[in-house]
Amino acid sequence: MIEETAMVVRIEGEYAFVETEKRAACGSCESQGSCSTTVLAGLFKRRYNHLRVLNTVLAKPGEQVVIGLQEQALLKLSMLAYLLPLIFMILAAIAAQYLIGLFNIQSGELPQVIGGLLGLIGGFFLLRLLAHKNRHDPGYQAVILRHADRISVPFV
């Protein structure tokens, strides 16, 4: 389970809207004091992510919580987000090249470029449809795991 600390902003039914701070990817490593990436990330304005998560601990606005997402879900969604538009772009460019060759039209590479761009846009559109379809699937939902400001000790 991938975990992140967040602040609850508002509640809507069984969901909470939380805010997490964007950090540099290496912001938590041991050499962050001497790392140029962390220094560069600190120069820019802090940005926040807003997420809708399942509120399983009945958290209230203003509370610090720990949210979590299954690693498998993150891996699947990352693969889809990166590969689906790319595959559609390549397939559409190949299809455009095939169609141009089929009709024996001399037009340079412009049809392949346009086909690739249309495929890329189609891939992003399909990705958005898949995200909308699976937005209530609990396997792809981030969940509030616990309150961050409360100490919990597992009972043995």
Side-chain angles (χ1 to χ4, degrees), residues 1-29 31-32 35-57 59 61 64-146 148:
M1 177 83 59
I2 298 170
E3 296 182 2
E4 177 72 30
T5 303
M7 164 107 46
V8 177
V9 178
R10 71 175 203 267
I11 305 293
E12 273 187 24
E14 63 182 8
Y15 293 99
F17 289 83
V18 298
E19 186 177 83
T20 63
E21 184 179 351
K22 282 188 176 179
R23 292 180 285 175
C26 60
S28 60
C29 77
S31 63
Q32 65 178 334
C35 177
S36 61
T37 302
T38 305
V39 172
L40 285 175
L43 294 176
F44 297 104
K45 184 180 176 184
R46 291 182 175 216
R47 295 184 297 173
Y48 296 93
N49 289 323
H50 297 273
L51 302 169
R52 187 183 73 143
V53 297
L54 282 172
N55 187 6
T56 57
V57 298
Q64 291 280 334
V65 293
V66 176
I67 61 173
L69 180 67
Q70 295 289 333
E71 289 100 356
Q72 294 293 331
L74 182 65
L75 186 62
K76 285 180 187 174
L77 294 174
S78 297
M79 294 283 285
L80 274 176
Y82 285 108
L83 290 181
L84 191 67
L86 185 64
I87 290 171
F88 269 64
M89 180 182 77
I90 293 170
L91 290 178
I94 291 171
Q97 184 175 5
Y98 175 75
L99 289 174
I100 294 301
L102 191 66
F103 295 113
N104 200 15
I105 300 172
Q106 302 295 327
S107 59
E109 295 177 349
L110 186 61
Q112 291 89 347
V113 171
I114 292 172
L117 286 175
L118 290 175
L120 184 68
I121 292 169
F124 282 124
F125 182 73
L126 182 61
L127 190 64
R128 184 164 178 86
L129 286 176
L130 287 172
H132 184 75
K133 180 184 171 193
N134 293 324
R135 70 180 181 188
H136 295 295
D137 187 346
Y140 295 112
Q141 285 284 320
V143 177
I144 295 178
L145 300 173
R146 60 186 177 277

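Owing to the predicted nature of the structure, the values given are computational and were not obtained by experimental measurement.
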Identify all side-chain donor-acceptor contacts of residues 73-102 below 3.5 Å with residues at least two apart in sequence or on another chain.
from	atom 1	to	atom 2	distance (Å)
S78	OG	L74	O	2.8

ask   = Would one find more than 12 heavy atoms of other residues, nucleotides or ligands at under 6.0 Å from atom CD of Q72?
value = no
task = Just jot down the side chain to side chain donor-acceptor pair (under 3.5 Å) partners of R52, sequence neighbours excluded, or say none.
result = none
Sequence neighbours excluded and cut-off under 3.5 Å, please list the side-chain donor-acceptor pairs for residues 113-136, or say none.
from	atom 1	to	atom 2	distance (Å)
H132	ND1	R135	NH1	3.3
N134	ND2	L130	O	3.3
H136	ND1	Y15	OH	3.3

inquiry  = Going by side chain to side chain donor-acceptor pair (under 3.5 Å), name the residues that satisfy it together with E12, two or more places apart in sequence or in a different chain.
reply    = R10
ask   = Do any N or O atoms from the side chain of E71 and from the backbone of M1 form a donor-acceptor pair under 3.5 angstrom?
value = yes
request  = Count the heavy atoms belonging to other residues, nucleotides or ligands that lie under 6.0 Å from CD of E109, then report whether that count exceeds 12.
outcome  = no
note = Applying salt bridge (charged side-chain N to carboxylate O under 4.0 Å, His left out) to E14 and not counting sequence neighbours gives none
message = Ignoring hydrogens, what is the shortest heavy-atom contact between Q141 and D137? Give both atom names and the distance.
response = CG-O, 3.3 Å
key: Contacts of V53 that satisfy side chain to side chain contact (heavy atoms under 4.5 Å, CB included) - sequence neighbours left out   = A16, V18, L51, I67, A142, I144
